[in-house]
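One structure is given below, encoded as structure tokens.
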Amino acid sequence: MATLSTPLISLPRHPNPSSPTTVNNDLRSSSHTAVIPQIEQCTNIAQLKQVHAQMLRTGLFFDPYSTSKLISACALSSFSSIDYARQMFDQIPQPNLYTWNTLIRAYASSADPVESILVFLDMLYGCSECPNKYTYPFVIKAASELRALHTGGAVHGMAIKSSLGSDIYILNSLVHFYGTCGDLGLARRVFVKTPKKDVVSWNSIITVFAQGNCPEEALELFKEMEAENVEPNDVTMVGVLSACGQKVDLEFGRWVCLYIARNGITENLTLNNAVLDMYVKCGSVEEAKILFDRMPEKDIVSWTTMLDGYAQSRNYDKAWRIFDAMPSQDIAAWNVLISSYEQSGKPKEALAVFNELQKSKSPKPDGVTLVSTLAACSQLGAIELGGQIHVYMKKQGIKMNGHLTTSLIDMYAKCGDLDKALEVFNSVERRDVLVWSAMISGFAMHGRGRDALDIFSKMLEAKVNPNAVTFTNLLCACSHAGLVDEGKMFFYQMEPVYSVVPGVKHYACMVDILGRSGNLEEAVELIEKMKIPPTASVWGALLAACGLHGSFELAEKACSHMLELDPRNHGHYVLLSNIYAKTGKWEEVSGLRKLVRDLGIKKERGCSSIEANGSVHEFLVGDNFHPLCKEIYSKLDEIAGRLKLVGYVPNKSHLLHFWEEEDMKDHALILHSEKLAIAFGLISLSPSQPIQVVKNLCVCGDCHTVAKLISKLYGREPAQVACVMLDITCQDIMKLRLASVRKWVSLNCCENRVRSRPIPFQPFGYFCNAPTFRTYSTNGASANESSESWDKTSSGKGRNAVRISYSIRKEAEAALLDYLHGTRGLQFTDAENMSKNSPCFLDKLLRQVDVEKEILAKKNNQKDIGRAIARFLRYHPINEFEPFFESLGLNPSEYSPLLPRSLTFLTDDKLLVHNYTVLCHYGIARSKIGKIYKEWTEVFHYDFEVLTSKLKAYEELGLSQSTFVKFIVATPCLLIGDVNVEFVKVLEKLQNFGFKTNWIEDKLSADSSHNWSRMLEVLSLFSEMGCSTEQLGQLIGQHPDILFDGSGERTLSLIGFLLKFGSTKSQLCSIFLQFPQIPVVKFVSNLRRCILFLNEIDMNVAEIGKIVHSHPLLLGSCSLKKTISLLSNLNTGKKRLCTCIQENPQVLKNWVLGKRVERIPDSGDDLRSKTQKIKFLLDVGFVDNSDNIKEALKAFRGKGVELQERFDCIVKAGLSPEDVCTMIKISPQILNQTKDIIEEKIDFLVNQLGYPISTLVTFPRYLSYKIERVQLRTLMYNWLKDQGTADPRLNFSTIICCSDKCFISSYVNRHPSGPQMWEDLKNEIYSKN
């Protein structure tokens, strides 16, 4: 810096007290003139330290005015260092009041505001001046940050005693303080007593009420402010917009936006974010997007708010686009996605996002992340993953607040481990009402009502006041345990005793209590006397009770009320249908089901899942699409036979469909998904493994009874065969443990960004339109791999399975062709295409016919195989849509959701066949039509001749048929609606640039769809940036991916990115005209990697912005190596690396992939550190310039002083300096640890293992190993010695040094139980640490 390079005026080192006063003043005056500008021109802490040093040398540091300016710059500037400011402050003999205030202010805004209070207390005793009106606001701010109500109140009292109680600055600070601490009444009182309220006063009171969940009061205050003729500013509007968002008042929010525009209130980033947040909270995401797109500046808050808007509106595709486009994804963005998926009933997707977060390794999960993830675990019954999160919290030292504790208790309770939930509850010292309520809920859902009441009693003894949630859980406990009198007592005590007004949930619980106990009349009377209108949940509780006790008339009454209140809820219809079914009113059941179908209401399908051998298997009722379905049904027959022998009689009251024959009733009950899953578990799991089935709906009583009987019949523990519901109420399953679902969720959801479609449920039967069986792998193999391995054999029975030969497959194709064309009457070309191009369907057909047995019986007689298939097809009609969709290029997982719900034969869907034929005749390959159907199914629902007219409309624009075919395949959306105007405009522009149609065709990808609207936007944007037609044509000709890759999405992302860093439109035009010969996607990737690299080396954000702004082409062209690799190879620290790059950004070219990285020459600090290391090594006994000393210098980390400290630590343990020198020569890396770690390892060796300290001399490498490794090896070795399988004379170094693989093969595997003991010890040791 120029001013620092000029010599300061000569001043005496120590001020001469005998010098004349006038001279001294002149000197100080001239010193001020020289020093103050230098302080103001400092841009980093190093320059400030230089000025500090000069002030110390000249004696100017002891001048109060100059020192106060120096400390102010050090504590409050953008490059502040409050620790350094405090050190300077402590050197001042008598700081003035301004300096005290500066330090108090700095600490109040720091991460440790309590220091501000402590400095204030020191000031009261150490400063000759009293606090003034500038002191108290800073102290009050610190108290506000700490939520220290009593401390802030005391400061308020001191201000009043100091006659500063009416100062406007202090009063405004107090309003904010009391509001932040939650005492809105006191905040209002202080505000009312403020004599002359300014705009800050109004802003403070409006903000605290808005943040205190009192939006109506905040808006009323704004109206009062208007009436007082006080002009609001941008801060006012932020508070008002926050209140609008909380109140979900979109109309008033829009009025506020108009008010801002009319009154000329300056828009800034904070205000725009507030408007954005208001739109999102009011549900107007489209308006939010319009604002977001036109915002000149966006920060992480803007992006996260927009992400939250799309996520809360369940538009996950756009949410992921926003997420991917974010410049940086902080933990708040991840939390938005996880919590949104969890709250919308998609726990698998929530866990998939959590798994992606773990893979990214940055940022780290916080409390909000863990609460949402634990809630998702609760929904899935994923106790193992929940337990892993619990362990992670302990290891990371995450503080257990009320929300985390509540989530853990809830997760363990819902997953069946009530003991673990109670353990978490007892481990918490401070329990708030949420924690107590969660524990009550845990006991309630397990049917342990008395324990829930005991917990409630202890809660009252702890003087914790119950809230509405507490009573909801308490009444549920009484309901599940049949405690009618206790439930009544608590319900009628709520308001008079505990001041909790009963709500809808409490009435619903009370109706449930009365209904379960048979007091239906009393329940109806309670509903009629309700002080609030009864909701559907209240009538639902009554309806469920009617079903339990067979009250048919009352059930119809309750259901009619429910349907009035919530006609689209499928649960109401299901409850009434079940009641009809139990009373044998099958006509009413049929009518009700028809009504549900006509209304288009979808019922949630019952689904049971079970994990076995590394995969999670899901079953629907009567599911016959599992690869082992024959074995499963065979096992079911065996189970049914054994159940009859012990006297089991099926409970046909749980049969909800009409069957005329008794044996069909028994058959229908045995096909429940729970029983299928249990049967699969019996044939897939060893007797020692528990069969754990997760059910998304309630388990029927018959399945519950069967599960308990199976546990006895097959010699398993009572809890080994169990079904888990999402809401557990049975004590038989409270000890259940569930397998981890994290792996299979990540494998099946992460890759597809969790954008799955619901799969419609269909009746079971041969080749019906039920979904393909779903298997989720948990052992590292994907589901697709599992299905591929199955398809390689005829029946999937392992190595001995008979393979299907090519000739047999051809016979199967011919049989299918003959059936489709000859029997079903399909066109020959269509039938041939379906038979030849549907291999998955063909394999399934061969398995169904049981070709393996046919091959073995007929000795590979191909004609007999063909006849067997033809015979099967004759008597078992297939779902023709499966081979049809597969022949169009779709795989089973893609077409399963697209299968029609009620059709089996292809000719039944005449519009589909007609439009398919139109496309085929137009020249579109059949294998490409599947993509069109998948993306735009409505094309195939067009009425006759509509599709033909659309194709002709494009031909009239001058496009040939062959040309338009390629456009359709690449962009099926062209067939939707009228002629796509954007498509036509893009073609015209490209043709104006000189590109021919065939060139455009070549650039379109048939594997992805193109967005012509976005492409038009890209072209228009380049024109706005100043690119001429000739320049733009040249640019697209050289870099077609700018327009065609993702339809220009990457280009728009890049432009937005560069605009954010300050590039103008003309600069952007210049950048693209000089664009390097690399794809845009690679350019963007390189640019982001460079920015991440600069961020990882701790470069200042402003400096990063300068480099991006000045060298975007350089950054986009450099594929940098990883930061860790660069720091290691460059042999320098982050600080020096930043300086090097700032001086010459072109140096980044030397650090790209494929180039050898040369070390940066040592700086002055590096040379001093190296000199210290060399001195230390020479003292130890190394020879100067020898190979040994060079190797040691490479191995050593840390400064010479630190190495000496570690050396002395080993000597102090009891070894001679000579012995330690010998150790270091053998293993210099032992000093690459802190002193504390070395002491800990020595203590473990001597006091825990019992070895003498001299062991280190012969085995110095011991200090290089982790304690866990040493403990595991020694414990395992001692166990092997006790078993007599290990040589007791082995050296300590032999036990520790060998690799895990060698140790296991040489020692552990000698004993049959060795591997298991090794794993047990390993888990025990590493879980503790």
Spell out, as yes or no, whether a donor-acceptor pair under 3.5 Å connects the side chain of [X] to the backbone of [Y].
| X | Y | answer |
| --- | --- | --- |
| R314 | Q312 | yes |
| Q1031 | C1027 | no |
| K298 | F292 | yes |
| T937 | Y933 | yes |
| K950 | G977 | yes |
| E1103 | N1100 | no |
| Y341 | A352 | no |
| S1070 | S1066 | no |

Quiz item: Under a 4.0 Å N-O cut-off, is there an ion pair linking K289 with D293?
Solution: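 Here K289 pairs with D293 in a salt bridge, since their nearest N and O are under 4.0 Å apart.
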Quiz item: Going by an N to O cut-off under 4.0 Å, is there a salt bridge joining E356 and K359?
Solution: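 A salt bridge is absent here (no side-chain N lies under 4.0 Å from a carboxylate O).
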Test item: [X] and [Y] side chains (from C-beta on) under 4.5 Å apart, heavy atoms:
| X | Y | value |
| --- | --- | --- |
| K952 | T948 | yes |
| F323 | W303 | no |
| I290 | Y279 | no |
| F1072 | L1054 | yes |
| T266 | D234 | no |
| W334 | P365 | no |
| L1052 | V1018 | yes |
| L337 | E349 | no |

Exercise. Over 60° means perpendicular and under 30° means parallel, so classify the ring planes of W1151 and F1093, tilted if in between.
Key: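 Judged by the thresholds at 30° and 60°, the geometry between F1093 and W1151 is perpendicular.
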Exercise. Please work out whether the ring planes of F995 and W999 are parallel, tilted or perpendicular, with thresholds of 30° and 60°.
Key: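 If you compare the ring of F995 with that of W999, the planes turn out parallel.
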Do you know the tightest heavy-atom contact between [X] and [Y]?
| X | Y | answer |
| --- | --- | --- |
| M1015 | L1043 | O-CD1, 3.6 Å |
| L890 | G930 | CD2-O, 3.5 Å |
| S328 | I300 | O-CD1, 2.9 Å |

So, taking the atom named [atom1] in [X] and the one named [atom2] in [Y], what distance separates them when rounded to the nearest 0.5 Å?
| X | Y | atom1 | atom2 | result |
| --- | --- | --- | --- | --- |
| I260 | M237 | CD1 | CE | 4.5 Å |
| L1115 | S1110 | CG | OG | 8.0 Å |
| L1068 | S1063 | CG | OG | 5.0 Å |

With a 3.5 Å cut-off and no angle check, do the side chains of [X] and [Y] form a donor-acceptor pair?
| X | Y | answer |
| --- | --- | --- |
| S302 | D299 | yes |
| N273 | T270 | no |
| Y316 | S340 | yes |
| N891 | S893 | yes |

Quiz item: Could you walk me through whether F967 and Y954 pass the ring-ring contact (aromatic ring centres under 6.0 Å, His included) check?
Solution: CA-CA 11 Å; F967 283 121; Y954 281 101; 9.2 Å; no
Quiz item: Are there more than 12 heavy atoms of other residues, nucleotides or ligands under 6.0 Å from atom NZ of K1121?
Solution: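 Yes, NZ of K1121 has more than 12 neighbouring heavy atoms, counting only those of other groups under 6.0 Å.
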Under 3.5 Å, which donor-acceptor pairs link side chains of residues 1075-1088 to any protein atom two or more places apart or in another chain?
from, atom 1, to, atom 2, distance (Å)
N1086, OD1, S1119, OG, 3.0
N1086, ND2, K1082, O, 3.4
N1086, ND2, G1116, O, 2.9
N1086, ND2, S1119, OG, 3.4

Quiz item: So I1091 and I1104, side chain to side chain contact (heavy atoms under 4.5 Å, CB included) or not? Walk me through it.
Solution: CA-CA 7 Å; I1091 293 172; I1104 295 176; 4.2 Å; yes
Practice problem: Before giving the answer on side chain to side chain donor-acceptor pair (under 3.5 Å), spell out for D308 and T305 the whole-Å C-alpha distance, their side-chain angles and the decisive distance to 0.1 Å. | Solution: CA-CA 5 Å; D308 185 48; T305 304; over 6 Å; no
